[in-house]
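These numbers come from the heavy atoms of this one structure, side chains and all, not from hydrogens, waters or symmetry mates.
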Amino acid sequence: MKAFLKKEWMEWVRTGRFGLLLLIFALFGIMNPALAKLTPWMMEAFSESLADAGIVTAEVTVDAVTSWTQFYKNIPMGVIVFALLGSGCFTQEYQKGTLIPVVTKGLSRKKIAGAKSLMLLLAWTLAYWLCFGITYGYNEYFWGNGAGKHLFFAGFSCWFFGVWIAALLAFFSAVTANSPQALLGTGGIAAVCYLLGMVPKADRYLPIKLMEGMPLLQGIREPGDYAACMAAAAAVILLSAGLTAVCFEKRVL
């Protein structure tokens with residue numbers, strides 16, 4: 001498993017997927033405080049044009065919460081990028097037939113599935129916390145992060161949503177024939193959760209709620225409000241990991 005995990009790491013690096021993922025998340029991390037910092041200047045620059053159109057602009061005050069608002073607006077796009085880059089973790093191997101030699105030589109399929117799942121988790125973790133760390137550092141420098149409540153729990157819950165996505169990606173990539181099908185399966189589950197969130201009292205159990213970090217920062221919600229959806233996400237992660245191993249064990253390569 002250690003050898004195969006090293007192989008996965010080298011493949012992510014050599015194909016440029018890992019570098020691209022880090023670059024995009026780093027850009028998001030820089031954009032969040034940059035947009036917040038530039039907002040008053042942009043409003044002042046366009047105030048005359050807006051006044052001619054009959055729109056009166058008031059003085060805009062920004063702080064770290066403004067930057068964190070941008071963070072939670074941008075992170076869904078980061079999740080989409082991660083899903084696009086990670087959706088072929090199994091399917092590309094199926095299409096190339098590169099798993100047949102290592103399996104016939106005795107490498108456990110469960111270890112292959114474990115290595116690929118761990119690589120997805122590692123890629124998401126490094127990219128996400130890079131983005132979070134850059135945003136946190138700039139916010140601390142410009143304004144200080146004291147205005148936001150439950151800052152790190154909100155960041156953790158959002159990261160945990162990405163772990164849920166990674167588990168679903170690994171499962172659907174293991175059981176489908178190509179990357180679009182894996183993306184369709186993962187996106188379909190996320191879309192169903194989003195639609196179910198419109199049902200009263202159902203959203204507290206849905207993993208999609210983990211992306212809602214701003215209510216925590218604003219003090220509207222408490223960490224305990226996320227216990228049910230976090231438990232549901234953990235159950236799906238464990239179930240997906242088990243199904244990934246079982247389905248890959250039985251799949252004809």
Side-chain angles (χ1 to χ4, degrees), residues 18-51 55-83 121-166 197 203-204 206-231 233-234:
F18 189 67
L20 180 61
L21 186 68
L22 291 184
L23 176 62
I24 291 174
F25 273 75
L27 289 175
F28 282 148
I30 296 171
M31 283 172 54
N32 301 323
L35 287 173
K37 194 70 176 176
L38 291 174
T39 296
W41 175 82
M42 289 189 294
M43 293 299 295
E44 182 179 353
F46 291 104
S47 59
E48 293 185 4
S49 300
L50 293 173
I55 302 174
V56 179
T57 58
E59 184 178 354
V60 178
T61 303
V62 298
D63 55 13
V65 175
T66 310
S67 178
W68 286 117
T69 301
Q70 291 297 324
F71 176 85
Y72 287 104
K73 286 181 178 179
N74 289 334
I75 206 64
M77 291 186 285
V79 172
I80 293 172
V81 171
F82 167 70
L121 175 61
L122 179 63
W124 164 252
T125 298
L126 291 177
Y128 174 81
W129 289 112
L130 173 66
C131 181
F132 185 93
I134 291 174
T135 301
Y136 181 90
Y138 275 109
N139 289 354
E140 186 66 30
Y141 177 78
F142 287 126
W143 307 285
N145 286 293
K149 299 179 180 180
H150 310 299
L151 179 62
F152 288 102
F153 181 83
F156 173 80
S157 66
C158 192
W159 167 81
F160 200 63
F161 175 82
V163 177
W164 180 71
I165 290 292
D203 66 323
R204 65 189 301 262
L206 301 174
I208 200 80
K209 183 181 177 181
L210 295 171
M211 294 287 283
E212 299 175 5
M214 285 311 299
L216 282 166
L217 266 66
Q218 295 167 346
I220 299 174
R221 291 177 180 168
E222 296 295 323
D225 298 334
Y226 290 72
C229 62
M230 195 165 287

- Which residues satisfy the side chain to side chain donor-acceptor pair (under 3.5 Å) test with Ser157, sequence neighbours excluded? none
- Query: What residues form a side-chain contact (heavy atoms from CB on, under 4.5 Å) with Leu27, not counting sequence neighbours?
  - Reply: Leu23
- Applying side-chain contact (heavy atoms from CB on, under 4.5 Å) to Ala34 and not counting sequence neighbours gives none
- Message: Tell me if the centroids of the rings in Tyr226 and Phe161 come within less than 6.0 Å of each other.
- Response: no
- Task: State the SG-CD1 distance between Cys131 and Ile24, to the nearest 0.5 angstrom.
- Result: 11.0 Å
- Message: Which heavy atom of Leu130 sits nearest to which heavy atom of Leu22, and what is that distance?
- Response: CD2-O, 3.6 Å
- What heavy-atom pair brings Thr66 and Ala36 nearest, and what distance separates the two atoms? CG2-CB, 4.0 Å
- Task: State which residues pass ring pair (Phe, Tyr, Trp, His ring centres under 6.0 Å) with Phe25; sequence neighbours excluded, sorted by chain then number.
- Result: Trp124
- Partner residues of Trp68 under the side chain to side chain donor-acceptor pair (under 3.5 Å) criterion, sequence neighbours left out: Asn145
- Minimum heavy-atom distance Tyr128-Gly155, with the two atoms named: OH-O, 2.6 Å
- Message: With a 4.5 Å cut-off on side-chain heavy atoms, are Tyr136 and Phe71 touching?
- Response: no
- Item | With sequence neighbours excluded, residues passing ring pair (Phe, Tyr, Trp, His ring centres under 6.0 Å) with Phe28 | none
- On a heavy-atom basis, the closest approach of Tyr138 and Pro33 is CB-CG, 3.5 Å
- Shortest non-hydrogen contact between Cys158 and Ile75, atoms and distance: SG-CG2, 3.7 Å
- Listed partners of Asn139 passing side chain to side chain donor-acceptor pair (under 3.5 Å), at least two apart: Ser67
- Query: Mind checking what makes side-chain contact (heavy atoms from CB on, under 4.5 Å) contact with Trp129, not counting sequence neighbours?
  - Reply: Thr125, Phe132, Trp159
- Query: Can you name the side-chain contact (heavy atoms from CB on, under 4.5 Å) partners of Leu122, sequence neighbours left out?
  - Reply: Trp9, Met119, Leu126
- Item | Over all atoms of both residues, closest heavy-atom pair of Lys73 and Met77 | O-CE, 4.4 Å
- Query: Does anything in residues 19-33 pair up under side-chain hydrogen bond (donor to acceptor under 3.5 Å, both in side chains), and if so which pairs, sequence neighbours excluded?
  - Reply: Asn32-Asn74, Asn32-Thr135
- Query: Heavy-atom distance under 4.5 Å between the side chains of Trp143 and Val65, does that happen here?
  - Reply: no
- Between atom CD1 of Ile220 and atom NZ of Lys149, what is the distance when rounded to the nearest 0.5 Å? 10.0 Å
Could you list the donor-acceptor pairs under 3.5 angstrom formed by side chains in residues 207-216, with sequence neighbours left out?
from, atom 1, to, atom 2, distance (Å)
Lys209, NZ, Asp225, O, 3.0
Glu212, OE1, Arg221, NH1, 2.5
Glu212, OE1, Arg221, NH2, 3.4

